[in-house]
Amino acid sequence: MSRGQDLTIGIDVGGTKILAAVVDRHNRILGRAKIATPAAQGETALLAAIVGCLEEALREAHTNIEQVESIGVGCPGPLDTKAGVVLSSANLNVQHFPLGPELARVTGRPVLLENDVRMGGYGELKLGAGRDYDDLLIVFVGTGIGGCLVLDGQVRSGATGNAGEIGHTPIKPGGAKCGCGNRGCLEAYASRSAISRRIVKQIRRGQPSILRAKLAKLDQPARLKSKDIQAAFELNDPVVREAVERSAHRLGLALGGMINVLAPQRVILGGGIVEALGESYIDLVRASARRQAIADPAAVVEIVASQLGDDAGALGAALWSREHQHRHAPPASNFPVTEQPAFIEP
Ligand SMILES: [Zn+2]
């Protein structure tokens with residue numbers, strides 16, 4: 001059992017679920033909890049859900065908040081990380097939500113808020129498929145598509161603070177409408193939502209598919225789950241296979257382009273779709289990327305699956321907050337950002 005404040009909590013706030021993990025100094029998860037995001041109910045419900053999730057993770061770890069040094073939160077944005085405020089989030093249905101200060105007030109612990117994708121990437125860099133590498137592009141394919149850029153062992157946010165936004169790479173001029181307002185973005189062709197839309201469209205055109213009955217029962221047909229897509233993909237359903245191959249092909253094109261520009265040591269693929277479809281999906285992405293990556297004729301750049309799965313974001317957020325809590329410690333620690341982030345004190 002731990003003594004003193006040597007635990008950290010990482011929370012990954014997503015549009016569909018919230019994950020919390022209590023992490024010790026050896027980066028072991030002592031307790032975790034996962035609940036559905038009350039995405040349509042506004043900020044009070046969202047804060048209550050996050051606190052509930054955190055409390056459950058503490059119970060699971062047989063400890064309490066007194067043992068916790070700091071809390072890291074990964075959240076979709078845009079964010080004001082200095083003030084700990086979620087400026088807006090369509091998926092979470094909040095505007096100017098002071099999540100950091102509220103969570104610090106309720107828990108009495110310092111809170112560090114960061115972009116969720118960057119936290120997932122940081123987890124993979126420190127503990128997952130990015131260990132022992134310095135230059136990485138980490139891409140999560142789920143409801144949307146997010147990316148995290150690591151150069152020289154550091155997570156980069158760039159001049160805009162938003163480096164890594166690979167989901168809005170143009171793939172087709174004047175193409176499908178994207179959630180960002182533009183047309184033809186990668187996300188509009190390769191995310192789970194895009195795969196679902198493609199499946200629905202083909203079935204409505206009369207193509208035979210084992211998902212036809214399932215879709216008839218859903219009120220929002222574009223909300224197929226990754227596991228529904230996975231099951232039909234494994235049964236070689238022609239509609240699902242075509243939609244998945246199309247997604248993988250376009251993701252590969254974008255990644256091939258990124259490999260030409262960045263030449264990372266590894267491209268790491270994670271997120272719900274990659275978790276569900278596994279190596280057969282990565283093989284498709286890899287084949288497409290290799291054709292496009294003309295600057296890498298020897299195929300030096302590895303394209304691999306993430307290793308932390310669902311835990312990447314929460315683990316990354318916990319480690320991030322711990323690293324920065326010790327930013328005044330001796331210079332051994334290698335801080336991953338050029339600009340120091342700001343804890344929200346309780
Ligand atoms: Zn877009």
Side-chain angles (χ1 to χ4, degrees), residues 12-16 37 39 74-81 86-95 114-121 137-150 155-201 220-224 226 229 243-262 264 267-274 277 281 284-285 288-289 292 303 306 313:
D12 183 14
V13 181
T16 51
T37 307
C75 190
L79 312 170
D80 176 344
T81 55
V86 185
L87 295 176
S88 71
S89 169
N91 289 339
L92 301 177
N93 191 31
V94 293
Q95 292 268 347
E114 246 301 341
N115 172 277
D116 57 340
V117 175
R118 220 166 282 151
M119 291 299 87
L137 178 64
I138 303 142
V139 178
F140 296 96
V141 186
T143 314
I145 296 182
C148 172
L149 178 63
V150 173
V155 172
R156 299 289 183 173
S157 50
T160 60
N162 298 316
E165 277 285 7
I166 189 174
H168 306 284
T169 302
I171 285 294
K172 188 176 181 184
K177 197 146 194 172
C178 180
C180 74
N182 285 326
R183 286 187 174 276
C185 296
L186 175 64
E187 188 167 294
Y189 285 96
S191 60
R192 178 175 57 233
S193 325
I195 294 172
S196 296
R197 275 196 306 274
R198 179 72 180 176
I199 292 169
V200 170
K201 190 171 168 186
Q220 280 178 298
R223 287 223 157 173
L224 279 174
S226 293
I229 295 170
V244 167
E245 283 171 1
R246 194 168 177 266
S247 151
H249 174 63
R250 302 206 176 181
L251 177 59
L253 286 181
L255 293 181
M258 294 296 154
I259 289 170
N260 291 336
V261 176
L262 299 167
V267 175
I268 299 172
L269 298 179
I273 282 290
V274 179
L277 300 174
Y281 181 78
L284 293 167
V285 175
S288 164
Q292 189 67 28
I303 301 175
S306 71

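All ligand and atom numbering here is 1-based and tracks the order in the structure.
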Give a yes or no answer on whether the side chain of [X] reaches the backbone of [Y] with a donor-acceptor pair at less than 3.5 Å.
| X | Y | value |
| --- | --- | --- |
| Ser193 | Thr143 | yes |
| Asp80 | Val86 | no |
| Thr37 | Ala39 | no |
| Gln292 | Gly257 | no |
| Tyr189 | Ser247 | no |

Around the Zn ion (ligand 1), number of protein N/O/S atoms which are nearer than 2.8 Å
4

Can you tell me how far the SG atom of Cys75 sits from the CZ atom of Arg118, to the nearest 0.5 Å?
12.5 Å

